[in-house]
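Structure first, commentary second.
What you are looking at is a predicted structure, and each value in this text was computed from that prediction instead of being measured. Just so you know, residue 1 is the first one in the sequence shown, and it goes up from there.
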Amino acid sequence: MGYRTEYGKLLEEIAQEADEIALRYFRKVELRVERKKDGSAVTQADRAVEEMARARVAASGLDLDVLGEEMGGGSEAAPEAGARARMIIDPIDGTEEFSRGIPTFGTLLGIERGGEIVAAMASAPGLRSRWQAYKGEGAYRDGKKLRVSSIEELKDAMVFSTGTGPSKDSSDQARIRRYLDAARNSRSFGGFWQHMLVAEGAIEAALDWTSKPWDLAPLILIVQEAGGKSTSLSGRATIYEKSLLSTNGKIHEETLAVLR
C-alpha cells in the first residue's frame, strides 16, 4: 500500500475542513488574538483547527498519535526507534500574518513513521493553493506535479529568508545577511510558503532559522519529492534541529557554506 493510499484521505479531509475554519475567521471582526508565553500569536481558529484534526485522526481508525503546536501530545524531539507513528500539525502556520489579514498562512500536516515524514500536506486557503507529497510518489500543487528550478549558482538565484530581527544575535544576523547578499535577488519572508516556492521552481532557496517540528513537518518531503534538497544547517534532513534550508539541490552545498 502506498502512503497516499494509506494517509491521503485523512490529510485531504483535515486540510479541507481546516481551510473552512480559517476562512471563517480570516479578516473578520470575530477573530481574537492572544499572546502565548513566548510572545507568539494564537487565535480561536488555531485551536479549532487542531481540535478538529485530532478528532478526525481519532475517528480514522489509523494507528497514529498526534503532536500539535497548540495542544502538545508528545515529545518535540526526534522519536526513538520503534515509536508509534504520529501526525504532526501546525494548525495555522503564520498566525501573525493571519491575524493581520495577510493571506500567506496555512495548515501544515506531516505523517511521521519510522522516524521520517512519509506523507506531507500544506494547505493555504488565502492563496487558494494546496501542496502535498508522499514518499516516492512526487510532489504536487493542486494536482500539478512540481519541479525545482535549474539555476546552478547562488549568484544567479533568488532566495528567501526569515528576518534578521532582535531574536537573533549579531553573529546569526550577519550569516543571514551574507546569504541574502550572495544571491542575485533576495527577500525576507519566512514561514512555509517560501519552501513551497522552492518546490515550485519559483525561487532557488528558502531559509528558516529557528523553528519547531510542526513548523517544518511537511516541508522537507515536498521539496525532496520536487527534486530539491532540504536540510538543517548541519546538512541533515531533519525537522528537529530548528533550522531549515531548502534549495533546488544544485546550489545547496554552496549555500550551506555561505551560512556556516
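From I220, atom CD1 reaches atom OG of S246 across 7.0 Å, with rounding to the nearest 0.5 Å. For the atom pair OG1 of T95 and CG of L31, the computed distance is 9.5 Å after rounding to the nearest 0.5 Å. Note that OG of S230 and CG of L244 are 3.5 Å apart. Values are rounded to the nearest 0.5 Å. Here the straight-line distance linking atom CG of L207 with atom NE2 of H195 works out to 7.5 Å at 0.5 Å rounding. Distance check: D208 CG to S232 OG gives 12.5 Å after rounding to the nearest 0.5 Å. Distance CD1/I89 to CE/M52: 6.5 Å, rounded to 0.5 Å.
Side-chain atoms of I222 and M196, non-hydrogen and from C-beta on, do get closer than 4.5 Å to each other. With contacts defined as side-chain heavy-atom distances shorter than 4.5 Å, the pair I88/L108 does not qualify. Using a 4.5 Å cut-off on side-chain heavy atoms (C-beta onward), V57 and L62 make no contact. In this structure, Q194 and R187 have side chains that are not in contact, with every pair of non-hydrogen atoms separated by 4.5 Å or more. Two residues are said to be in side-chain contact when any heavy atoms from C-beta on lie closer than 4.5 Å; E34 and R47 meet this criterion. Here the side chains of E96 and S99 are in contact, with some heavy-atom distance below 4.5 Å. Contact of the M121 side chain with the Y134 side chain is registered, since non-hydrogen atoms from C-beta on lie closer than 4.5 Å. Counting only heavy atoms from C-beta outward, the side chains of L180 and S188 approach each other to under 4.5 Å.
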(request) Applying side-chain contact (heavy atoms from CB on, under 4.5 Å), run through R113 and K135 and close with a yes or a no. (result) CA-CA 11 Å; R113 203 162 93 176; K135 187 180 178 183; over 6 Å; no
(message) One pair to check against salt bridge (Lys or Arg N to Asp or Glu O under 4.0 Å): E69 and K212. What are the steps and the verdict?
(response) CA-CA 8 Å; E69 178 175 11; K212 296 284 191 177; over 6 Å; no
(request) Evaluate the side-chain contact (heavy atoms from CB on, under 4.5 Å) criterion for residues M87 and L11: first the C-alpha distance (whole Å), next the side-chain angles of each, then the deciding distance (0.1 Å), finally the verdict. (result) CA-CA 10 Å; M87 185 182 78; L11 295 187; 4.2 Å; yes
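Around the CZ atom of R27, the shell of radius 6.0 Å holds more than 12 heavy atoms that belong to other residues, nucleotides or ligands. Counted within 6.0 Å of NZ on K242, heavy atoms from surrounding residues, nucleotides or ligands total 12 or fewer; the atom is thus considered open. By the 6.0 Å contact criterion, CZ on R184 is open, its count of non-hydrogen atoms from other residues, nucleotides or ligands being 12 or less. Atom CZ of R178 sits in a crowded spot, with more than 12 heavy atoms from other residues, nucleotides or ligands closer than 6.0 Å. No more than 12 heavy-atom neighbours from other residues, nucleotides or ligands sit within 6.0 angstrom of NZ on K144. Around CZ of R35, the count of heavy atoms belonging to other residues, nucleotides or ligands within 6.0 Å exceeds 12.
When all heavy atoms of S129 and D142 are compared, the pair lying nearest together is CA-OD2, 3.5 Å. When every heavy atom of I151 is checked against every heavy atom of I251, the shortest pair comes out as O-CG2, 3.8 Å. For the residue pair A237 and Q224, the shortest heavy atom distance occurs at CB-NE2, 3.8 Å. Minimum interatomic distance between S234 and E241 (heavy atoms only, all atoms of both residues): OG-OE1, 2.7 Å. Nearest heavy-atom pair across A182 and V258 is CB-CG1, 4.5 Å. N248 approaches V198 most closely through the heavy-atom pair N-CG1, 4.0 Å.
Clustering ILVMFWY residues whenever any of their side-chain heavy atoms sit less than 4.5 angstrom apart, transitively, puts V118 in a cluster other than the one holding L67. Note: the hydrophobic cluster containing W214 also contains V223 (ILVMFWY, side chain heavy atoms under 4.5 Å, direct or indirect links). In this structure, L109 is a member of the same hydrophobic cluster as L64, with clusters built from ILVMFWY side-chain heavy atoms closer than 4.5 Å. Under a hydrophobic-cluster definition in which Ile, Leu, Val, Met, Phe, Trp and Tyr are linked whenever side-chain heavy atoms come within less than 4.5 Å, directly or via other members, I239 and Y7 are assigned to different clusters. V42 and F98 are members of different hydrophobic clusters when ILVMFWY side chains are connected at heavy-atom separations under 4.5 Å.
With hydrogens and angles ignored, the 3.5 Å screen pairs a side-chain donor or acceptor of T107 with a backbone N or O of P91. Between the side chain of K250 and the backbone N or O of S149, no donor-acceptor pair lies under 3.5 Å. Panel note: side chain Y179, backbone F160; a donor-acceptor pair is recorded below 3.5 Å. A donor-acceptor pair is defined here as one N or O able to donate and one able to accept, closer than 3.5 Å; no such pair exists between the side chain of T238 and the backbone of R236. Using a distance-only test at 3.5 Å, with no hydrogens or angles considered, a donor-acceptor pair links the side chain of Q173 to the main chain of G165. Put simply, the side chain of S243 gets close to the backbone of L233: a donor and an acceptor are under 3.5 Å apart. Judged by distance alone, with hydrogens and angles left aside, the side-chain atoms of D65 form no donor-acceptor pair with the main-chain N or O of R84 at under 3.5 Å.
With no hydrogens or angles considered, no side-chain donor-acceptor pair links E97 and T104 at under 3.5 Å. No hydrogens or angles considered: a donor-acceptor pair under 3.5 Å links the side chains of Q16 and R130. Between the side chains of Q44 and E30, no donor-acceptor pair of N or O atoms lies under 3.5 Å.
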Throw together a table of side-chain donor-acceptor distances under 3.5 angstrom for residues 152-159, partners on residues two or more places apart or in other chains.
none

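The salt bridge (Lys or Arg N to Asp or Glu O under 4.0 Å) test with R56 is passed by exactly one of E51, E17, E12, E50: E17. Between F105 and the choices W193, Y25, F26, F192, the ring pair (Phe, Tyr, Trp, His ring centres under 6.0 Å) rule is met once, by F26.
Applying the side chain to side chain donor-acceptor pair (under 3.5 Å) criterion to R86, with sequence neighbours excluded, gives E112, Y240. The side chain to side chain donor-acceptor pair (under 3.5 Å) search around T231 returns H252, not counting sequence neighbours.
Between R175 and D172 there is a salt bridge, since a side-chain N of the basic residue sits under 4.0 Å from a carboxylate O of the acidic one. Here E204 does not pair with K229 in a salt bridge; the nearest charged N to carboxylate O distance is not below 4.0 Å.
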